Number of protein chains: 2
Amino acid sequence: MTDRPDLAAMIGALGRTLVAAERPVLRDHGLSMWAYVVLLHLDDRPIRTQAALADAVGADKTRIIAVLDDLAERGLIDRQPDPADRRARLLSITEAGRRTRDACQAAIQRQEEEWLLARLTPAQRRSFLGMLQNLYRDLEPPA
Amino acid sequence: MTDRPDLAAMIGALGRTLVAAERPVLRDHGLSMWAYVVLLHLDDRPIRTQAALADAVGADKTRIIAVLDDLAERGLIDRQPDPADRRARLLSITEAGRRTRDACQAAIQRQEEEWLLARLTPAQRRSFLGMLQNLYRDLEPPA
DNA sequence: TATTGTTATACTCTATAACTATA
DNA sequence: TATAGTTATAGAGTATAACAATA
């Protein structure tokens with residue numbers, strides 16, 4: 001038997017700690033975790049239905065409705081009925097949404113650099129980030 | 001701005017996936033996640049109060065009571081009132097508990113090797129595990 | 001009065017089911 | 001009838017508060 005904690009224990013604890021550390025930063029920018037995830041995902045490209053967005057970010061379709069209501073009301077996203085099929089809602093991020101997202105993500109990644117990555121040497125850091133991005137990219141969709 | 005997903009997003013998703021993959025293995029061994037965590041922690045050394053154990057594993061003291069009831073009933077842990085202070089319960093793992101824990105952890109780590117670590121070269125694998133254990137060891141207690 | 005363990009209650013998050021409107 | 005979105009309801013997991021036993 002290998003003499004190490006389970007990967008799930010180590011990576012799980014690390015992930016929970018990172019997410020917990022993210023919360024105050026999100027709050028400072030007036031975003032919930034789901035709102036942030038939505039802004040990050042919409043930035044890639046507009047999306048045609050709320051159900052597709054929910055699926056893409058691993059949420060239930062009923063769960064993001066209040067999130068979208070709030071983001072739209074604050075002008076961070078644009079939500080318009082599709083003229084071709086008025087059941088669907090065309091979703092896209094606004095310029096204000098992009099600014100909020102950028103500021104928030106910059107603060108989050110700055111904190112991650114200082115709090116976690118600073119413990120690694122530059123070479124370790126490159127190696128760690130590289131492996132992490134490879135493993136992350138190949139993950140099955142939800143979780 | 002660095003061009004990568006947030007560490008919290010990558011490590012968080014990886015952690016959730018690993019924990020989800022662990023669940024069926026735990027179920028096959030008749031253990032809940034909390035029961036497994038308790039067995040892992042008790043193996044290090046006996047502990048004198050349930051509150052201390054709960055604190056050590058990052059749980060609320062009220063949350064592990066049912067877990068301990070079940071483990072004791074199945075003979076996987078031993079729970080005795082402390083003769084010196086009958087309010088406290090002396091907790092320790094039994095030989096049967098150790099066997100269950102070993103079998104379960106072996107299955108979990110085998111799956112982790114095959115499912116995740118197999119994607120890395122031997123050198124990457126050593127490097128990844130080393131950095132992970134260093135980062136994990138220095139984590140603030142709960143999460 | 002303080003502490004350990006327990007039980008009862010409430011709260012948060014999430015998923016399921018039922019409803020409205022468009023097609 | 002089928003689909004997108006919404007609302008209402010119920011369930012799991014967790015934390016908070018009240019309680020009983022012991023010190």
Side-chain angles (χ1 to χ4, degrees), chain A residues 8 12-13 15-17 19-20 22-24 26-27 31-38 41-42 46-73 77-92 141-143, chain B residues 8 12-13 15-17 19-20 22-24 26-27 31-38 41-42 46-73 77-92 141-143:
Chain A
R16 284 190 297 276
T17 304
V19 168
E22 203 171 281
R23 279 184 205 288
L26 287 169
R27 198 174 34 70
L31 294 176
S32 68
M33 185 64 75
W34 282 118
Y36 180 57
V37 170
V38 163
H41 190 84
L42 274 184
I47 206 162
R48 211 187 66 86
T49 73
Q50 296 182 181
L53 173 62
D55 191 62
V57 301
D60 191 274
K61 68 172 180 172
T62 65
R63 214 159 68 198
I64 61 167
I65 291 178
V67 175
L68 297 178
D69 287 348
D70 179 62
L71 286 173
E73 198 172 310
I77 65 168
D78 190 69
R79 176 168 59 167
Q80 299 291 338
D82 181 347
D85 179 349
R86 293 183 30 238
R87 293 173 303 183
R89 305 273 178 275
L90 301 173
L91 301 166
S92 57
Chain B
R16 282 189 298 277
T17 304
V19 168
E22 203 171 280
R23 279 184 205 289
L26 288 169
R27 198 172 36 68
L31 294 176
S32 69
M33 185 64 75
W34 282 118
Y36 181 56
V37 170
V38 163
H41 190 83
L42 274 184
I47 207 163
R48 212 187 65 87
T49 72
Q50 297 183 182
L53 173 62
D55 191 61
V57 301
D60 192 274
K61 67 171 181 172
T62 64
R63 214 160 67 199
I64 61 166
I65 291 178
V67 176
L68 297 178
D69 287 348
D70 179 61
L71 286 174
E73 199 171 310
I77 65 168
D78 191 68
R79 177 168 58 165
Q80 299 291 338
D82 181 348
D85 179 348
R86 293 181 32 237
R87 292 174 302 183
R89 305 271 177 277
L90 301 174
L91 301 166
S92 58

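Numbers restart at 1 for each chain; the letters A, B, ... are given by sequence-line order, proteins then strands. In this text, all values refer to a predicted model and were calculated from it rather than measured experimentally.
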Check: When every nucleotide of nucleotides 16-23 of chain D is labelled 5' to 3' by its protein contacts under 4.0 Å (heavy atoms), B for base, S for sugar-phosphate only, - for none, what sequence of letters results?
Finding: BB----BS
Margin query: Can you list everything that forms a side-chain hydrogen bond (donor to acceptor under 3.5 Å, both in side chains) with A:T62? Sequence neighbours excluded, please.
Written below: A:D60
Item checked: With sequence neighbours excluded, residues passing side-chain hydrogen bond (donor to acceptor under 3.5 Å, both in side chains) with B:R23 -> none
Checklist line | Any A:W34 side-chain nitrogen or oxygen under 4.0 Å from OP1 or OP2 of C:dT14 | finding: yes
Margin query: A:V57 and side-chain contact (heavy atoms from CB on, under 4.5 Å): which single residue from A:L42, A:V37, A:V67 fits?
Written below: A:V37
Notebook entry, point to check: Rounded to the nearest 0.5 Å, how far does OH of A:Y36 lie from CG of A:L31?
Noted result: 9.0 Å
Check: Within this structure, what is the CG-to-C1' distance between B:D55 and C:dG5, rounded to whole angstrom?
Finding: 15 Å
Notebook entry, point to check: To the nearest Å, how far apart are A:Q80 CD and D:dG5 C1'?
Noted result: 15 Å
Check: B:L91 CG to C:dT4 P: how many Å, rounded?
Finding: 13 Å
Next item on the list: Round to a whole Å and report the spacing from CZ of B:R89 to P of C:dT3.
Entry: 17 Å
Item checked: Electrostatic pair B:D82-B:R89, nearest N-O below 4.0 angstrom -> no
Next item on the list: Could you check how far CD1 of B:I65 sits from P of C:dT4, rounded to whole Å?
Entry: 13 Å
Check: A:R79 has a side chain; which of D:dA4, D:dT6, C:dT6 sits nearest to it?
Finding: D:dT6
Next item on the list: Could you check if a side-chain atom of B:L71 sits within less than 4.5 angstrom of a side-chain atom of B:R79, using non-hydrogen atoms only?
Entry: no
Check: Whole-Å distance between D:dT7 C1' and A:D69 CG?
Finding: 11 Å
Notebook entry, point to check: In whole Å, what is the span from the CG atom of A:L90 to the P atom of D:dA4?
Noted result: 13 Å
Notebook entry, point to check: To the nearest Å, how far apart are B:I77 CD1 and C:dG5 P?
Noted result: 12 Å
